[in-house]
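See below for the structure under consideration.
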Amino acid sequence: MSKNLVIVESPAKAKTIEGYLGTDFTVKSSYGHVRDLPSNGIAIAVDDGYKPAYEVSADKKQVVKELKKLATSAEVVWLATDEDREGEAISWHLMEALDLAEEKTRRIVFHEITKPAILKAIENPREVDINLVNAQQARRILDRLVGFELSPVLWKKVKPSLSAGRVQSVAVRIIVEREREIIAFIPTSSFRAVALFDVDGRELKGELSKRLADGSEAETFLNECNGSDFTISALEKSPGKKSPAAPFTTSTLQQEASRKLSFSVSQTMVVAQKLYESGRITYMRTDSVNLSDIAVNQAKDTISSMYGPEFAETRVYKSKAKGAQEAHEAIRPTDLGISEIDADRNEKRLYDLIWKRTVASQMADAKLEKTTVTIDISKSERQLIAKGEVITFEGFLKVYLEGTDDEEEESKGMLPPLTQGENLKLNHITATERFTHHPPRFTEASLVKKLEELGIGRPSTYAPTISTVQKRGYVVKESRDGKPREYTQWLLKEDNVTNGTLTENTGAENSKLFPTDIGMVVNDYLVDHFDKILDYNFTANVEQEFDEIADGKKEWSKMIDAFYTPFHTTVENALENTARATGERELGKDPKTDKPIFAKIGRYGPMIQMGLGEDEDKKFASLQGEQSISTITLEEALELFKLPRKLGEFEGEEIAAAIGRYGPYVRHNKLFVSLDPELGDDPLTVELDRAIELIKAKREEQKKSIIKEFEEDSDIRIIIGRYGPYIKAGKQNVRIPKDKEPESLTFEDVTELIEAAKKAPKRRKK
DNA sequence: CAGTGAGCGAGCTTCCGCTTGACTT
């Protein structure tokens, strides 16, 4: 048995550290928190000082058992969890769960996994900081109280199984408010004038710095230019520079992997985890931009030998993120000497990104020379401007340039040689109508960036939060096709001014976040009744109080009480006195019956309704595809009411066409046949003959798929489905064990299987 | 996973922040 037991949070970290310490040390991992509030029930004694009822998490029972055994036989237990609020709490929970005596327990901390850092930590042990632990408890308890009191309000006022919380509800709010800005946005247009000159066989592009207001101004301007002389009236050169971006944190890695590799936020984390476990990179959940001295020195050597010493520049970066706790290093390669690794494609690509970013962060600025050329027009007051940019020293640009979210980045190239006073030969000028853009929709990664700016969420929760708001149906990630839009272009060429209409595609989106109707309704309800929690600054405000608790200036239970007492009253009041939230919006009146038409959330999702509550003859229809309550028009609603459509009779029974949960279909009796739009079948136009044809074809197909029927019970049959043979008993489907031949099953076998399936516990969906 | 085209309604759902693993039909 080892004399010393060291406990860290992650097994990969344990392995590394074990190598740095002698044989007297055993290093084990706690796999994160070992105790927590139970997942069902509030588990906080609200009337008894908010006492939390912690328990060892189910998946940590084994870990705790093993650690306890090792701790008992060790002389000293070193708690080496992260030096932040959560890490301190993990150490405290370990003391409680493992029954550690204070005399044999030491608390140590280090910010980088290097031998000197760890040896230094061992020489400077301390005790568990109970104030910091209390700050974590306050955080944990506040989140539980908010989440477990707000969510049930939504179950009652909107829909069961919904959720709300300090972090996720603000994330949804950000998406909803952006969408509202986009809906309200009215694009305006102006004309951008660009002149192209020929300079000794090369091209010079000059642009009006101010846009022209409308078509007539564009026409006037081009007429002025027609026959004008174009003269260079000024030629200015100025130096410029670009500096590299800081090394990666979780959030910037997610953003950059999204921009450059098209990774989703969770994909980035999965790939990074693999790189971490194989020892290629440092820890991937961090908010720190700091590099260890060892890494900085290695970067300097690598850069000098690969590119030359003039490319190396040692830099120290400071975190700008609100609430950064900086318990780790930035994300970097563990060995900067390795610029390429042998692994699967995505690991390679992500490693490459991390390597380049880290190396570039320790490189010199790029130096530029910027040129601005002013061009006078003899018959116009306006001036054209041409801009050029030349890199005079590449610096870090040799390795890496950070991506940008801005879609309209224009590259400024090199200008042809020019002199002041020079007369330019015009090729042509265009004045093109350009429209203003609505603010951009968020991607997963840009939402993470926004959350980080607000200090909401932590590196370990960005990816889970993004997936929670999608799982709850508040937000969907979608790509959408744009729509064609016409624009005007004026052209001056060969002394002629003409104009024409062109078409562009606008509004196309690729993997962007859209709020759903449920997301909007839930958000509006929460903002209306719980504005304090939904405030963008709520987290920042409570973080300040957590800091005071951590400093020992405030008692955690008092802070919680000051929050909870008014909060709970608001919850009770909401449960009793607020109306059900449906997001109802009146679209107009039916032109035929004059009945009002509403869009709202129904029991089965967004729907439209014609006629009021007491109306016996109400009509309903579900919204389709990309339609939403906030944007559906009266015309679109009237289209939806045309379904289900009666096509006529066949074999004495009616055939109807409609759109269901799984797309358009025609129905005859109990038989449903899907309509495939690719084949030109549309429920609004499909005719009786075509429907009969489809129904007959489906009958044939079904006949073929029946393997066996039973005389004893005509409701039971064996059928070949998409996933192989199964037993159909009325509405119930039963799988057939692999070792049984479907054809050979007797009626007794089948009834037995059906009974067994009925008794078996239902699998829970996750 | 689940083989579909609901509509009755018992009992359950839910938070945030640490960390990885994954029994078999």
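Order of the sequence lines sets the chain letters (A, B, ...), proteins ahead of strands, with each chain counted from 1.
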OP1 or OP2 of B:dC15 versus the side-chain N and O atoms of A:Ser163: is any pair under 4.0 Å? yes
side-chain N/O A:Gln136 vs B:dG17 OP1/OP2, d < 4.0 Å: no
OP1 or OP2 of B:dT19 under 4.0 Å from side-chain N/O of A:Arg285: yes
Please check the phosphate of B:dT19 (OP1 and OP2 only) for any side-chain N or O of A:Tyr283 closer than 4.0 Å. yes
5'-most contact on DNA chain B (nearest-nucleotide basis), A:Ser10 vs A:Leu150, goes to A:Leu150
Considering every strand and a 4.0 Å limit on heavy-atom distances, what is the contact class for A:Leu162: base, sugar-phosphate, or nothing? sugar-phosphate
Can you classify the ring geometry of A:Tyr50 versus A:Tyr564 as parallel (below 30°), tilted (30 to 60°) or perpendicular (above 60°)? perpendicular
Mind checking if A:Glu149 touches a base, just sugar-phosphate, or nothing, with heavy atoms under 4.0 Å? nothing
Among the nucleotides B:dC18, B:dT13, B:dC16, whichever has the atom closest to the side chain of A:Trp155 is B:dT13
Between A:Tyr31 and B:dT20, do the rings stack, that is, sit under 5.5 Å apart with planes less than 30° off each other? no
With respect to the phosphate group of B:dC16, does any side-chain polar atom (N or O) of A:Arg458 fall under 4.0 Å of OP1 or OP2? no
Can you tell me if the side-chain N/O atoms of A:Ser460 get under 4.0 Å from OP1 or OP2 in B:dC18? yes
How would you label the contact of A:Val146 with the nucleic acid (heavy atoms, under 4.0 Å): base, sugar-phosphate, or nothing? nothing
By salt bridge (Lys or Arg N to Asp or Glu O under 4.0 Å), A:Glu66 pairs with (sequence neighbours left out) A:Lys28
Does B:dT19 have OP1 or OP2 under 4.0 Å away from a side-chain N or O of A:Arg35? no
Counting any heavy atom closer than 4.0 Å, what does A:Arg166 reach on the DNA or RNA strands: base, sugar-phosphate only, or nothing? sugar-phosphate
For DNA chain B, what are the stems built from at least three Watson-Crick or G-U pairs in a row, each pair having both distances below 3.5 Å? none
Which of these nucleotides, B:dT13, B:dC16, B:dG21, is closest to any side-chain atom of A:Arg139? B:dC16
Quick one: label A:Gly165 by what it contacts on the DNA or RNA (base, sugar-phosphate, nothing), any heavy atom closer than 4.0 Å. sugar-phosphate
Select base, sugar-phosphate, or nothing to describe what A:Ser39 touches, counting heavy atoms under 4.0 Å on all strands. base
Please compare A:Arg472 and A:Glu9 by the position of their nearest nucleotide in DNA chain B and report the one closer to 5'. A:Arg472
Mind checking A:Gly457 for me? I need base, sugar-phosphate or nothing, with any heavy atom below 4.0 Å counting as a touch. sugar-phosphate
Going by side chain to side chain donor-acceptor pair (under 3.5 Å), name the residues that satisfy it together with A:Thr578, two or more places apart in sequence or in a different chain. A:Tyr525
If you measure from the ring centre of A:Phe148 to the centre of the six-membered ring in the base of B:dT14, is it under 5.5 Å, with the planes under 30° apart? yes
